[in-house]
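Written below as structure tokens is the structure these notes are about.
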Amino acid sequence: MEITAVRGFNDVLPGDTEVWRHIEDNAFRVFSSYGFSEIKVPIAEKTELFLRSIGATTDIVEKEMYTFTDRHGDSLTLRPEGTAPVVRAYIEHKLYTNPVSKLYYSGPMFRYERPQKGRYRQFYQIGAEILGDPSPRADAEALQMLMRLFEEINVRGAELNINSLGDAHCRPAYKERLKNYLSGVKDRLCDNCLRRIDANPLRALDCKSPGCIEATHDAPSIVESLCAPCAVHFDKVREHLGLSGIEATVNPRMVRGLDYYTRTTFEITSAGLGSQNAIAAGGRYDGLVEELGGPATPCFGFAIGIERVALIIKEGGVYRKPLAVFIALGAEAEKKGIELLKAWRDRGIRIVEDFSDGSLKSRMKRADRAGARYAVILGEDELKSGTVTVKDMKSAGQEKVAWDLAPDRIAIG
RNA sequence: GUGGGCGUAGCUCAACGGUUAGAGCACCGGACUGUGGCUCCGGGGGCUGGGGGUUCAAGUCCCCUCGUCCACCCCA
């Protein structure tokens, strides 16, 4: 049996890599314009980091982590998400001595799940984190930045859903109220939600089972149970989104899968992706830095799923410089070609040489199949006159061009 | 972890249990000795995912296994 890639770990091939590059380049450019800097963090961390940040009873920690013991006996985990490593680095390098840190990253994450459309075991996220800014305006601006990115790379039909999960003051009380409510409608809940009543009651609001949707219809709403500071914060976020011209739907039933979120949470979905329709999500995590041993630091962050965005914008097409194929006829032309190609590439021309030695006909055919916009031929005639024949494969017109003028001719798409 | 669909050429797919498993596209060559796309002709390509079973005979039926896709769970 030939060796194949690991289940859920995919190759990204030419054709797709251009789309990925396009997404990343634009994200970096847009984030940079909002004052973000790149940070690179390892893909493996001590397991404890994720246990303490994501939450010990979340699905991610309970059944989705790639955890292993290294040769030294330490328990390591391939990062299932990017925020915890960034926060760890933030504390470790005492970046909190800056008033505010705006960081972005891009790279693979790992979760042991059954693969399906838009969901893989190794998947890529572009994330951004604002550390040290408590302002609701930071939340709104980050969302504005994200929507701007999606607009610029032609992600159509992106819908923003927002919610507030409250904070350490108001969430526990709300949880209790919700527990009581759920206990009262026990007989109508699915098995899963029955377990959730104690473990994670908020999740029941998110359940897709018809019975649960029905049963939780009149459940107490989190946004109506926020304490005054949280309510003010949420109002400000919405106000500033409005001022930015961004439409957001308040969805009090939207719950996140990570424990560290406080106050604002959001999710951006796009139709046409099947059931894995979230293309970006995130929120505020005001308690995490302190939880991990740093000073109290309010933060806001999000992550974008690159595969999912790529699935959406794929058909758009991405610009590439026109390709030229160089065909040398005879030994002398081949020698001269080395010098010419070097000079042309110095000037940024995208050109490849056809090293085959078939008939010119077959080599022209190869150039065409390679997707060449131009065929550049150097034969005996051209060698004598110091020219090359540049044939435009689209219009079929051709002309002899002096060697040093060829790049100008070829550069025109 | 649960459920369902699908595994035949590089790709998309045919083949009633019955000759040597085919087609289109792609690839290579020729018709056309320095000019691609269109057309025509020819060529290379397959342990029919793997293993076991039923049968005179299995790509086809049965069992197991692996892979893959979609959905659930959950999430980017």
Side-chain angles (χ1 to χ4, degrees), chain A residues 1-8 10 13 23 54 58-64 79-83 106-128 146 190-193 195-196 200 203 206-209 212 254-258 266-270 273-283 301-312 325 327-330 333 354 356 358-383 388-398 400:
Chain A
M1 190 55 196
E2 74 183 286
I3 297 174
T4 58
V6 177
R7 179 182 181 76
N10 301 117
L13 302 176
I23 295 167
I54 297 171
T58 57
D59 280 20
I60 291 177
V61 168
E62 280 183 346
K63 52 187 196 189
E64 295 174 1
R79 62 183 188 195
E81 59 104 29
T83 298
S106 177
M109 306 296 162
F110 304 84
R111 289 182 203 171
Y112 191 91
E113 300 182 273
R114 276 284 271 274
Q116 67 185 77
K117 188 182 180 71
R119 191 175 73 188
Y120 314 99
R121 290 183 173 177
Q122 174 174 327
F123 60 101
Y124 289 75
Q125 289 187 335
I126 299 171
L146 197 43
C190 69
D191 293 349
N192 232 321
C193 288
R195 281 197 302 275
R196 284 168 172 157
N200 196 347
R203 286 236 85 89
D206 209 23
C207 186
K208 285 166 200 151
S209 133
C212 297
M254 187 185 65
V255 178
R256 306 270 72 228
L258 296 81
F266 77 94
E267 187 171 284
I268 297 175
T269 58
S270 174
L273 275 180
S275 66
Q276 310 304 318
N277 62 355
I279 54 176
F302 63 80
I304 303 166
I306 300 186
E307 287 89 344
R308 293 180 184 180
V309 173
L311 281 172
I312 294 171
V325 170
I327 299 173
L329 302 171
D354 177 56
S356 73
S359 63
L360 178 59
K361 177 182 178 56
S362 74
R363 297 174 74 180
M364 288 297 287
K365 198 171 190 166
R366 289 162 62 93
D368 186 44
R369 296 275 161 83
R373 180 61 210 275
Y374 298 101
V376 180
I377 302 162
L378 181 65
E380 275 181 45
D381 298 347
E382 291 88 350
L383 216 41
V388 285
T389 295
V390 176
K391 177 164 186 175
D392 184 326
M393 301 298 271
K394 206 185 266 180
S395 69
Q398 67 179 47
K400 285 193 174 158

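Naming convention: chains lettered A, B, ... in sequence-line order (proteins, then strands); numbering from 1 in each chain.
- Here Arg114(A) does not reach the OP1 or OP2 of C72(B): none of its side-chain N or O atoms lies under 4.0 Å away.
- At a threshold of 4.0 angstrom between heavy atoms, the contacts of Ala280(A) are confined to the sugar-phosphate backbone, with no base atom among them.
- For Glu382(A), counting side-chain heavy atoms from C-beta on, the closest listed nucleotide (G34(B), G36(B), A76(B)) is G34(B).
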Stepwise, does the side chain to side chain donor-acceptor pair (under 3.5 Å) test hold for Glu382(A) with Thr389(A)? CA-CA 7 Å; Glu382(A) 291 88 350; Thr389(A) 295; 2.5 Å; yes
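- The C1' atoms of G43(B) and A9(B) are separated by 14 Å, rounded to the nearest whole Å.
- Within the nucleic acid shown, Gly282(A) has no heavy atom closer than 4.0 Å to any nucleic acid atom.
- The shortest distance between the side-chain N/O atoms of Arg256(A) and the OP1/OP2 oxygens of A76(B) is below 4.0 Å.
- Using a 4.0 Å heavy-atom criterion, one finds that Ile279(A) contacts the sugar-phosphate atoms exclusively.
- Side-chain atoms of Gln398(A) lie closest to U35(B) of the nucleotides G34(B), C70(B), U35(B).
- Regarding Glu307(A), its CD atom lies at a distance of 13 Å from the C1' atom of C75(B), rounded to whole Å.
- Residue Ala375(A) is classed as having no contact, given no heavy-atom separation below 4.0 Å to the nucleic acid.
- No side-chain heavy atom of Leu258(A) sits under 4.5 Å from any side-chain heavy atom of Thr58(A).
- Looking at Lys365(A), its side chain has no donor and acceptor atom pair within 3.5 Å of the base of G37(B).
- Cation-pi geometry between Arg121(A) and Tyr112(A) is met: the NZ or CZ atom falls under 6.0 Å from the ring centre, inside 45° of the normal.
- Looking only at side-chain heavy atoms (C-beta outward), Ile23(A) and Ile126(A) come within less than 4.5 Å of each other.
- Between Ala333(A) and Leu383(A) the shortest heavy-atom distance is N-CD2, 3.8 Å.
- The nearest whole Å value for the distance from the CG atom in Leu360(A) to the P atom in A31(B) is 14 Å.
- The main-chain N or O of Ala328(A) is found under 3.5 Å from a side-chain atom of Arg363(A) such that the two form a donor-acceptor pair.
- Atom name P, nucleotides C66(B) and G24(B): the rounded distance is 38 Å, in whole Å.
- Here U33(B) presents its C1' atom at 14 Å from CZ of Arg363(A), a figure rounded to the nearest Å.
- Residues Ile268(A) and Leu146(A) are in side-chain contact: their nearest non-hydrogen atoms beyond the backbone lie under 4.5 Å apart.
- Two residues are said to be in side-chain contact when any heavy atoms from C-beta on lie closer than 4.5 Å; Met364(A) and Lys391(A) meet this criterion.
- Of the two residues contacting RNA chain B, namely Leu378(A) and Lys117(A), the nearest-nucleotide position lying further toward the 5' end is that of Leu378(A).
- The P atoms of A15(B) and C73(B) are separated by 37 Å, rounded to the nearest whole Å.
- Ile60(A) comes within 4.0 angstrom of no nucleic acid atom, judged by non-hydrogen atoms across all strands.
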Side chain to side chain contact (heavy atoms under 4.5 Å, CB included) assessment of Lys400(A) paired with Asp381(A): CA-CA 10 Å; Lys400(A) 285 193 174 158; Asp381(A) 298 347; 3.8 Å; yes
Give me the distances for all protein-to-nucleotides 64-66 of chain B N/O pairs that come in under 3.5 Å?
none

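- When heavy atoms are screened at a 4.0 angstrom cut-off, Gln122(A) is found touching no nucleic acid atom at all.
- Between the P atom of A76(B) and the CD atom of Glu267(A) lies a distance of 8 Å, rounded to the nearest Å.
- Between C70(B) and G18(B), the two P atoms lie 34 Å apart (nearest whole Å).
- Relative to the side chain of Lys63(A), the nucleotides G34(B), C73(B), G37(B) differ in distance, and C73(B) lies closest.
- Atom name P, nucleotides A14(B) and C6(B): the rounded distance is 11 Å, in whole Å.
- The phosphate of A71(B) (OP1 or OP2) has a side-chain N or O of Gln116(A) nearer than 4.0 angstrom.
- Going from atom CD1 of Ile327(A) over to atom P of G34(B) covers 11 Å, rounded to whole Å.
- Listed candidates were U35(B), C27(B), G34(B). Nearest to the side chain of Arg369(A) is C27(B).
- Within 6.0 Å of CD on Glu62(A) lie more than 12 heavy atoms contributed by other residues, nucleotides or ligands.
- When rounded to the nearest whole Å, the span between CG of Asn10(A) and C1' of U68(B) equals 11 Å.
- You'll find a donor-acceptor pair under 3.5 Å spanning the side chain of Arg308(A) and the base of C75(B), going by distance alone.
- Between Pro115(A) and Asn277(A), the one whose closest nucleotide on RNA chain B sits nearer the 5' end is Pro115(A).
- For Ile377(A), the listed nucleotide lying nearest its side chain is U35(B); candidates were U35(B), A76(B), C69(B).
- Remark: Lys361(A) is in phosphate contact with G36(B), judged by side-chain N or O atoms under 4.0 Å from OP1 or OP2.
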Starting at the 5' end of RNA chain B, write a dot or bracket for each base, bracketing those in Watson-Crick or G-U wobble pairs whose two distances are under 3.5 Å and using | for partners on another strand. (((((((..((((....[...)))).(((((.......))))).....(((((..]....))))))))))))....
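- Using a 4.0 Å heavy-atom criterion, one finds that Glu380(A) contacts the bases of the nucleic acid, with or without backbone contacts as well.
- Among the atoms of the strands shown, base atoms are found under 4.0 Å from some heavy atom of Thr389(A).
- Within the structure, a side-chain polar atom (N or O) of Arg7(A) is placed less than 4.0 Å from OP1 or OP2 of U68(B).
- Tyr120(A) comes within contact range of at least one nucleobase, with a heavy-atom separation under 4.0 Å.
- Of the possible donor and acceptor atoms, one in the side chain of Tyr120(A) sits under 3.5 Å from a partner among the backbone N and O of Gly118(A).
- Residues Arg256(A) and Glu267(A) meet the side-chain proximity criterion, which asks for heavy atoms closer than 4.5 Å.
- Taking the P atoms as reference points, G29(B) lies 35 Å from C69(B), given to the whole Å.
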